[in-house]
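Working notes, beginning with the structure itself.
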Amino acid sequence: MSPRQITEPPRQTEVHGEYDVVVLGGGPAGMAAAVAAARSGRSTLLVERYGFLGGMGTAAGVTNFCGLHANVHGDIRQVVHGVADDLLQRIDRLGGLNAPHSLFGHKIVAQAYDTAAYKIAADDLLLSAGVEILFHAVGAGVVMDGARRVQALLLETKSGRRAVIGRAFIDASGDGDLAARAGAPFAKGDGEGHMLYPSTMFRINGVDPQRAGKAGK
């Protein structure tokens with residue numbers, strides 16, 4: 001019978017760098033946080049597990065920005081601006097941004113984009129702000145300085161295990177990985193074993209719109 005645990009040998013972990021702000025996760029929240037920190041003059045590192053930014057908007061083919069617009073007393077308008085505008089403008093210049101389209105009986109709108117253009121625009125947005133990006137790196141643990149302060153984020157990278165020291169850490173992982181590893185309380189599911197119902201995004205090519213008729217709706 002195989003043992004349930006093994007003992008790893010102790011090791012010294014190479015420090016990748018020291019930063020004012022370390023952001024884990026390169027989705028929209030992480031991108032906005034990193035850009036805001038860098039524009040404030042803080043040395044900023046964004047850590048992303050994939051080889052590109054965008055989160056589920058690029059990695060999972062979501063292809064829509066939902067939440068930038070709202071129904072304000074019957075008037076549907078864009079209500080999220082700032083860094084979002086900077087990103088939208090870059091995608092639009094690449095020819096990858098569609099006009100907002102209606103959802104749920106015209107009660108709200110979403111805005112579709114090309115995922116390749118999104119990736120390029122996201123890189124340009126962060127690099128122009130002075131953000132350093134570390135791709136292909138997964139948050140694997142933390143080193144604490146006392147009970148309530150994170151001293152370093154431990155990463156597994158293509159070059160091996162690394163540590164990143166920061167004055168402030170922002171968890172934009174989507175799963176609360178950094179916060180959970182730092183000891184923050186969290187809940188999983190609804191307490192009765194039920195998780196969020198998933199959806200599947202997919203693409204179809206070579207469709208004849210005339211023969212498909214209303215199938216697309």
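For clarity, every value in this text was computed on a predicted model and none was experimentally measured. These numbers come from the heavy atoms of this one structure, side chains and all, not from hydrogens, waters or symmetry mates.
Only one option out of Val35, Leu126, Val22 pairs with Leu46 in a side chain to side chain contact (heavy atoms under 4.5 Å, CB included); it is Leu126.
Residues Leu45 and His16 form a side-chain contact, since some pair of their non-hydrogen atoms from C-beta on lies under 4.5 Å apart. Residues Phe65 and Val80 form no side-chain contact, since every pair of their non-hydrogen atoms from C-beta on lies 4.5 Å or further apart. Side-chain contact check for His101 versus Asn64: some heavy-atom pair is nearer than 4.5 Å. Between Val164 and Arg162 the shortest side-chain heavy-atom distance does not fall below 4.5 Å. A 4.5 Å side-chain heavy-atom check between Phe169 and Val142 finds every atom pair outside the cut-off. Thr115 is listed as a side-chain neighbour of Thr63, based on a closest heavy-atom distance under 4.5 Å. Considering only heavy atoms from C-beta on, Val131 stays 4.5 Å or farther from Val23 through its side chain. At least one side-chain heavy atom of Lys188 sits under 4.5 Å from a side-chain heavy atom of Met195.
Taking each heavy atom of Ala38 and Gly130 in turn, the nearest pair found is CB-C, 4.3 Å. Closest approach of Thr44 and Ala37 over heavy atoms only: OG1-CB, 3.5 Å. The minimum heavy-atom distance between Leu155 and Ala137, with the atom names listed, is CD1-CB, 4.4 Å. The two residues Leu103 and Cys66 make their nearest non-hydrogen contact at CD1-SG, 4.5 Å. In plain terms, the two heavy atoms of Gly139 and Leu153 that are nearest each other are CA-CD1, 4.4 Å. The two residues Ala182 and Val150 come nearest to each other via the heavy atoms CB-CG2, 3.8 Å.
Aromatic ring pairs are classed by plane angle as parallel below 30°, tilted from 30° to 60° and perpendicular above 60°; the pair Tyr118 and Tyr113 is perpendicular.
Panel note: side chain Asp114, backbone Ala116; a donor-acceptor pair is recorded below 3.5 Å. For Asp145 (side chain) and Gln151 (main-chain N/O), no donor-acceptor pair under 3.5 Å exists by modelled atom type. Looking only at distances, a side-chain donor or acceptor of Asp190 sits under 3.5 Å from a matching main-chain atom of Glu192. A donor-acceptor pair under 3.5 Å links the side-chain atoms of Thr157 to the main chain of Ser159, judged by distance alone. Here the side chain of Asp20 pairs no donor or acceptor atom with the backbone of Arg167 at under 3.5 angstrom. A distance-only check finds a donor-acceptor pair linking the side chain of Arg181 to the backbone of Ala140 [under 3.5 Å]. Without hydrogens or angle criteria, Gln111 side chain to Asn98 main chain gives a donor-acceptor distance under 3.5 Å.
Shown here is Tyr50, whose OH atom has no more than 12 heavy atoms of other residues, nucleotides or ligands within 6.0 Å.
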Evaluate Thr13 against Val143 for side chain to side chain contact (heavy atoms under 4.5 Å, CB included), listing each step before the verdict.
CA-CA 11 Å; Thr13 301; Val143 175; over 6 Å; no
Criterion side chain to side chain contact (heavy atoms under 4.5 Å, CB included) on Leu53 and Met31, from CA distance to verdict:
CA-CA 8 Å; Leu53 300 169; Met31 290 164 53; 4.2 Å; yes
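Under the 4.5 Å side-chain heavy-atom criterion for ILVMFWY residues, a single connected hydrophobic cluster contains both Phe135 and Leu125. Using a 4.5 Å cut-off between side-chain heavy atoms of Ile, Leu, Val, Met, Phe, Trp and Tyr, with links allowed through other members, Ile133 and Val83 fall into the same hydrophobic cluster. No path of Ile, Leu, Val, Met, Phe, Trp and Tyr side chains, each step under 4.5 Å between heavy atoms, connects Val15 with Val47, placing them in separate hydrophobic clusters. Transitive grouping of hydrophobic side chains (ILVMFWY, heavy atoms separated by less than 4.5 Å) brings Leu134 and Leu178 into a common cluster. In the hydrophobic clustering of this structure, Phe202 groups with Val207; members are Ile, Leu, Val, Met, Phe, Trp, Tyr whose side-chain heavy atoms approach within less than 4.5 Å, directly or through other members.
Residues meeting the salt bridge (Lys or Arg N to Asp or Glu O under 4.0 Å) test with Arg90, sequence neighbours left out: Asp124.
Rounded to the nearest 0.5 angstrom, Arg149 CZ and Met144 CE are separated by 9.5 Å. Rounding to the nearest 0.5 Å places CG of Asp92 at 11.5 Å from CG of Asp85.
Using a 4.0 Å cut-off between charged side-chain N and carboxylate O, Asp86 and Arg39 make a salt bridge.
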